[in-house]
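Counting starts at 1 for both ligands and their atoms, following the listed order. Small disclaimer: the values here were computed from a predicted structure and weren't measured.
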Amino acid sequence: MTTLFISDLHLSDEHPEITDCFLTFIEQEAPEADALYILGDLFEAWIGDDDEAPLHHKVKTGLKALTNKGIPVYFIHGNRDFLIGKRFAKETGIKLLPEHCVVNLYEKPVLIMHGDTLCTQDLAYQQYRQKVHNSFIQWLYLRLPLGIRRKIGERLRSGSKSHNAQKSQMIMDVEQATVLNVMADENVDLLIHGHTHRPDVHQVTVNGRRGQRIVLGDWYEQGSVLVVTSEGAELQNRRFSE
Ligand SMILES: O=C(CCCCNC(=O)Nc1ccc(S(=O)(=O)N2CCN(c3cc(Cl)cc(C(F)(F)F)c3)CC2)cc1)NO
Ligand SMILES: [Mn+2]
């Protein structure tokens, strides 16, 4: 009885070692789980479900094979792959969740999210996020020819540092007050998120009750999986194959 959580793989053609580790994980480990939650930034970039790159085909095939085995796979958008949509969900059998979602994990309510909405001190990012999450802007962008969308994507990505440069110090950490507010609002003792690339289990006190905030790790140097059972949760690493 285990539920698995991953995020921040940032899959791209530049890092086949991460893609290989992920495909091994969904072929060999995830089929034994009760469910798999992917909490955003599965891909380094996503300019629309109609972008049929070989990497996307590989990942979609792997996810479809997993959901075809009856393993539920849930996805919350990250700041990079926020345009993953219904077509991707249909092709893979995954279920798209809203940006903040309370799930029942072994009789315990757990708040899950990508984590970028917790970085409330990063005003520039929050302003950008508001714009690109506007449904009209998304409708307009997705109607552009793929080549134009690709160019805009490349320009935006070169602005927000290269893969390696965007180490954890490049991404602001969460604001504690925001964490406590959102956990109190949702009345949960457990929050699981990614995005900051600072994997850890933090003890927090919410409404006078002891709680935890668990941060998932990125997959830049090794796989990072949170394994949750009815007994508890453990952050584990998965080595890349040589
Ligand atoms: O965490 C932090 C900061 C962390 C870093 C935040 N930066 C970050 O996420 N960058 C980023 C994310 C995705 C991509 S992309 O290539 O996948 N792609 C670009 C074009 N996208 C677009 C969509 C729409 Cl609707 C509308 C437009 C518009 F209007 F510009 F044309 C563009 C779709 C997505 C490129 C860069 N602070 O706390
Ligand atoms: Mn992120």
Query raised in the report: Listing by chain and number, what protein N/O/S atoms are under 2.8 Å from the Mn ion (ligand 2)?
Result: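 The answer is Asp41 OD2, Asn79 OD1, His114 NE2, His195 ND1.
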Query raised in the report: Would you call the rings of Phe75 and His77 parallel, tilted or perpendicular if under 30° counts as parallel and over 60° as perpendicular?
Result: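 The arrangement is perpendicular - the two ring planes meet at more than 60°.
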Requested in this report: For the residue pair Phe43 and Trp46, categorise the inter-ring angle as parallel (less than 30°), tilted (30 to 60°) or perpendicular (more than 60°).
Outcome: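 Plane angle between 30° and 60°, so tilted.
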Query raised in the report: Does ligand 1 have an atom under 4.0 Å from some heavy atom of Asp116?
Result: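 In this structure, Asp116 fails to qualify as a contact of ligand 1 - no heavy atom is under 4.0 Å.
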Query raised in the report: What do you reckon, does Phe43 put a non-hydrogen atom under 4.0 Å from ligand 1?
Result: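 Distance cut 4.0 Å: Phe43 fails for ligand 1.
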Quick check: does [X] get an N/O under 3.5 Å from an N/O on ligand 1?
X      : value
Asn79  : yes
Glu44  : no
Arg157 : yes

Taking the six-membered ring for Trp, are [X] and [Y] closer than 6.0 Å centroid to centroid?
X      : Y     : result
His114 : Phe82 : no
His56  : Phe88 : no
His197 : His10 : yes

**Report entry** Option whose closest heavy atom lies nearest to atom 26 (C) of ligand 1, chosen from Tyr141, Phe82, Tyr125, Phe136
**Finding:**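 Nearest option to atom 26 (C) of ligand 1, by heavy atoms: Tyr141.
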Query raised in the report: Nearest to atom 30 (F) of ligand 1 by heavy atom, Asn134, Ile152, Leu140: which?
Result: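 Looking at heavy atoms only, Ile152 sits closest to atom 30 (F) of ligand 1.
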Considering residues, nucleotides and ligands other than [X], do more than 12 of their heavy atoms fall under 6.0 Å from its [atom1]?
X      : atom1 : result
His133 : NE2   : yes
Gln130 : CD    : no
Lys58  : NZ    : no

Using a 4.0 Å heavy-atom cut-off, which part of [X] comes near ligand 1: side chain, backbone, both, or neither?
X      : result
Trp46  : backbone
Arg149 : neither
Tyr128 : side chain
Ala45  : both

Under a 4.0 angstrom heavy-atom cut-off, which atoms of ligand 1 come close to [X]?
X      : answer
Ile171 : 1 (O)
Asp122 : 2 (C), 37 (N), 38 (O)
Gly153 : 16 (O), 19 (C)
Cys119 : 38 (O)

Where the side chain of [X] meets the backbone of [Y], is there a donor-acceptor pair that is under 3.5 Å apart?
X      : Y      : result
Asn134 : Ile137 : yes
Thr67  : Thr92  : yes
Tyr106 : Met1   : yes
Asp200 : His202 : no

Requested in this report: Drop me the distance from Asp116's CG to Asp41's CG, to the nearest 0.5 angstrom.
Outcome: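 Result: 7.5 Å between the selected atoms.
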